[in-house]
Amino acid sequence: MSNSKRLFLRSKKVIPSGINSPVRYYDPYPFFVKKAQGSSLWDVDGNHYIDFCNGYGALLLGHRREEIISSVLSQLKKGTLYCAPTELEVELSELISKNFPSMQKVRLVNTGSEATMTAIRLARGFTKKKKIIKFEGCYHGAHDYVLVKAGSGAAHMGISVSDGSLEEVSKNTLVVQYNNSEELASVLEKEKDVAAVIVEPVLANMGLVLPEKNFLSDIRKITSENGNLLIFDEVVTGFRMSPGGAQKSYSVEPDITTLGKALGNGFVIAAVGGKSEIMDILSPEGKVYQASTYAGNPVSVSAALASVKTMNKNKAKLYPKLERACKNLVSTLGDLASDMNIQHQINSISSMFQIFFTDKQVVDYSTAKASDAMKFKKLFNGLLKNEIFVAPSQFETVFLSYAHTDEDMQKAIIAYEKALKTVKE
Ligand SMILES: Cc1ncc(COP(=O)(O)O)c(C=O)c1O
């Protein structure tokens, strides 16, 4: 019996389903990781994988990036948690604000879920309105406000509203189709009690779905006209698409932004920020309550500081290199699938992509859902057999990191070719 299997059987006795986040499970059991470095993962059986899951997008700089590890090691010698403010937090917030000018003030939190929860509470407190609107298939974390027709694991497992979620909460979350600004406008014509519209500017939790031309600027215009706040959930896109996130790439300014993932490049940190007049209603000065023991802890902050500085310093090389590598992989993958007569669509942007087995363009939840998930499962298994680890679901995105070498990308192409043959069978 493999060590992973043995650990999984042991794990199932003490951890529900044997894993600590549902997206980590796949048939018959996941590999258990021993260590990671750069673009590589090694499991407890000595198998090697090139990582294209990359912490669901977090590891833009790859595993154990030198600058980050040394910054954290030096912080560890000075303490891990003070629960009193530090200069590091100020410096990081200044940097975030500089990268994202719409985030005039920033609160540091721990996870993306905490960031979106705070953003929504802030919007309700600021507008004194109750409802929110989200887009079908967008995932904003695992809390009741947003776990309604969500993407990621919820879409994979067919959970529209989670058992245990309060109906009183979920009924105040209205859902409209992604890439359909007309539907948003018509809902807002009737609904006058909407505090905010929250969106993933690039939808990375339904596979990858890109915003159509003008979608983001249209929803900016519609929300401004109707007096609703616009929240960009940039937990995936922040720092990954560009140093200023999707809002910079698409030149659309939200009222509130949430960041996570690449901000800490593998360390637990997230942020919520926006216009000063909105952020200033947070307690203790204001009456919107938000708190956390670990928020702004010096270990995570030192990691994030090193991450942001490294991304900023290398931006002239980093982003074009990732985009080139991604475009090259995607175009070869498309040719391979076409040569094998496999119906497919590939959506890609910057360092992210996903392939869908369908003949229709994937532009929203229903077109993503229409793709053949069984074929994706075969692809995933085929990739894994050939040392390529991608997220084990059609409704996730493949992420490149700056640590991927040309050789890694070549291996990925060979692996995709072999895996596509199994899709064809
Ligand atoms: C766009 C988006 N928002 C929020 C979250 C939640 O972040 P976390 O898992 O850190 O709570 C995720 C996680 O995948 C995400 O992709």
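Read the numbers this way: they start at 1 and go in the same order the structure lists the ligands and their atoms.
Crowding of Glu182 atom CD: a count of heavy atoms from other residues, nucleotides or ligands under 6.0 Å not exceeding 12.
Within 4.0 Å of ligand 1, protein heavy atoms come from Thr111, Gly112, Ser113, Tyr139, His140, Gly141, Glu200, Asn205, Asp233, Val235, Val236, Lys261.
A donor-acceptor pair shorter than 3.5 Å cannot be found between the side chains of Glu183 and Ser186.
Under the 6.0 Å cut-off for aromatic ring centres, Tyr365 and Phe395 do not qualify, their centroids lying 6.0 Å or more apart.
Under a cutoff of 6.0 Å and an axis angle of 45°, Arg220 and Tyr250 do not form a cation-pi pair.
Pairs engaging residues 215-234 under the ring-ring contact (aromatic ring centres under 6.0 Å, His included) rule: Phe135-Phe215, Tyr178-Phe215 [sequence neighbours left out].
Remark: of the listed residues Trp42, Phe399, Phe31, Tyr56, Phe31 is the sole one forming a ring pair (Phe, Tyr, Trp, His ring centres under 6.0 Å) with Phe389.
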